[in-house]
There are 2 protein chains.
Amino acid sequence: MTDPAPIRLLLADDHPVVRAGLRAVLETEPGFAVVADVSTAEEAVTLAALPGIDVVLMDLRFGGEMRGSQATAAITARPGAPRVLVLTTYDTDADILAAIEAGATGYLLKDAPPEELATAVRAAAAGKSALAPTVALRLMDRMRDPAVALSRRETEVLQLVADGLSNAEVSKRLFLSQATVKSHLVHIYTKLGVDSRTAAVAAATARGLIRR
Amino acid sequence: MTDPAPIRLLLADDHPVVRAGLRAVLETEPGFAVVADVSTAEEAVTLAALPGIDVVLMDLRFGGEMRGSQATAAITARPGAPRVLVLTTYDTDADILAAIEAGATGYLLKDAPPEELATAVRAAAAGKSALAPTVALRLMDRMRDPAVALSRRETEVLQLVADGLSNAEVSKRLFLSQATVKSHLVHIYTKLGVDSRTAAVAAATARGLIRR
DNA sequence: CGGCCGCTCAACCTTTCGATGGATGCCGCT
DNA sequence: AGCGGCATCCATCGAAAGGTTGAGCGGCCG
């Protein structure tokens with residue numbers, strides 16, 4: 001028996017070096033064919049619509065406007081879409097959840113060894129999910145602890161606090177009384193299990209709930 | 001006339017994909033020879049001591065203990081040492097300054113196009129410095145505004161504050177009185193032009209003076 | 001050597017923050 | 001319709017953090 005049909009790949013990453021590295025790693029492995037590589041999320045969406053793509057390797061953060069999670073959502077929304085395997089440097093909760101909600105089949109970190117990468121691509125092509133160990137662990141943590149969703153208003157307040165604003169400044173910015181700002185903060189502290197504004201900022205940053 | 005002697009390179013990066021990518025990019029370019037690639041800063045220091053290395057391409061953050069800047073310092077401290085060209089994802093002040101103080105010849109970002117990379121390596125081999133445009137800009141900003149250098153102790157205090165510790169907790173951790181912690185914080189506020197701990201954390205984070 | 005700077009600490013007063021408690025309106029569930 | 005849960009809003013009060021002043025010590029440099 002000769003070669004089975006190779007898995008056809010589309011690479012989306014804004015780092016030329018990473019694209020070259022993925023090509024090098026995957027093309028030495030048998031059974032993979034890199035069809036194309038692109039440097040923006042927009043191009044990834046366009047090319048993923050072409051027939052003959054089995055798996056898209058997608059970075060999350062690009063230099064441009066569109067985020068990888070948005071591109072993932074756009075791709076997986078179409079019928080007969082290829083599988084999307086997210087491959088990124090970051091393992092924050094916000095990134096991981098956004099990607100999975102967008103329909104990603106797997107989530108890998110860029111420090112993964114080549115074999116793990118190949119295994120994950122094969123799994124994705126077969127429709128099975130593939131998570132990096134670190135990512136799987138983090139998701140387990142999340143399951144045990146479901147109280148980590150801040151409301152829109154709470155996130156808004158905490159983001160301003162993280163930017164260094166005092167309660168008075170936050171209240172002016174959001175047209176609230178200081179009492180309301182404090183009330184939001186108390187709820188935030190409860191959810192995050194902390195008891196000061198700086199600790200809340202640290203915890204929320206660690207969990208990727210706010211941008212730094 | 002035939003080929004001149006190629007520039008001999010050592011690659012140090014904990015991402016297998018990036019190492020493969022650098023190899024692929026540099027080996028297609030004429031005049032480069034990748035002698036070895038390593039995945040830890042410690043190995044980089046060891047191998048850089050061997051004769052016959054012209055330029056070390058060094059990542060800053062490794063999975064392990066040693067940081068790229070420390071490895072850079074260890075390498076450049078020796079007589080007849082190769083040039084070290086830092087190649088990283090991050091362009092914060094703290095990273096850049098640490099690398100330059102450690103004796104790095106150049107500082108590139110990983111999203112650099114292949115030609116820029118090749119140019120920088122040739123410049124480094126010739127002993128000329130090579131800075132990514134973003135990095136150069138950031139250094140210029142720094143020059144205009146010299147009041148942004150925290151002392152070692154101040155940085156230590158502010159880092160703990162950023163981690164969410166109260167003054168009492170910081171004082172216990174560092175074996176100081178609370179009065180001393182406050183004193184450091186006041187100096188920090190003055191230097192950063194702010195007037196609260198959260199604002200100081202925000203300003204220092206924005207300037208890359210502390211890790212997040 | 002005298003002055004500058006980083007690091008350390010104390011006592012005092014002021015401002016801010018956090019804790020507590022309570023109100024309203026929206027939404028889903030029974 | 002009635003209920004509980006949640007997000008949003010607000011006021012009051014004691015505790016913690018910040019601001020001020022003042023001071024001692026050791027290292028570095030012109």
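We use all heavy atoms of the structure for the numbers below, so side chains are in, but hydrogens, waters and symmetry mates are not. The chains referred to below are lettered A, B, ... by the order of the sequence lines, with proteins before strands, and numbering in each begins at 1.
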Rounding to an integer number of Å, can you tell me how far [X] [atom1] sits from [N] [atom2]?
X	N	atom1	atom2	answer
B/Leu192	D/dG18	CG	P	14 Å
A/Leu165	C/dC17	CG	C1'	15 Å
A/Ile188	C/dA19	CD1	P	13 Å
B/Lys182	C/dT15	NZ	P	15 Å
A/Leu176	D/dT8	CG	P	10 Å
B/Leu174	C/dC7	CG	C1'	12 Å
A/His184	D/dC6	NE2	C1'	12 Å
B/Asp195	D/dA17	CG	C1'	13 Å

Are [X] and [N] close enough that a side-chain N or O sits under 4.0 Å from OP1 or OP2?
X	N	value
B/Ser166	D/dA16	no
B/Tyr189	D/dG19	no
B/Arg152	C/dG6	no
B/Arg153	C/dT8	yes
B/Ser196	D/dG18	no
B/Thr180	C/dC9	yes
A/Asn167	C/dT16	no

Would you say the side-chain atoms of [X] pair up with the backbone N or O of [Y], donor to acceptor, closer than 3.5 Å?
X	Y	answer
A/Asp111	B/His15	no
A/Tyr107	A/Leu85	no
A/Gln159	A/Glu156	no
A/Glu116	A/Pro113	no

Nearest to side-chain heavy atoms of [X], which nucleotide of [options]:
X	options	value
A/Arg197	C/dC12, D/dA7, C/dC17	C/dC17
B/Ser183	D/dG19, C/dG6, C/dC9	C/dC9
A/Leu185	C/dC9, C/dG18, D/dC10	C/dG18
B/Ala179	C/dA10, D/dG18, C/dA19	C/dA10
B/Gln178	C/dT8, C/dA19, D/dA17	D/dA17

I want to confirm an ordering. Mapping A/Ala168 and B/Glu154 to their closest nucleotides on DNA chain C, which one lands closer to the 5' end?
B/Glu154

DNA chain C nearest-nucleotide lookup for B/Thr198 and B/Ser177: closer to the 5′ end is B/Ser177

Walk me through it: do B/Lys110 and B/Asp13 pass the test side chain to side chain contact (heavy atoms under 4.5 Å, CB included)?
CA-CA 11 Å; B/Lys110 279 186 184 166; B/Asp13 197 302; 3.0 Å; yes

Under 4.0 Å, counting only non-hydrogen atoms across every strand here, what does A/His187 touch: a base, just sugar-phosphate, or nothing?
base

State whether the number of non-hydrogen atoms from other residues, nucleotides or ligands found under 6.0 Å of A/Arg173 atom CZ is greater than 12.
no

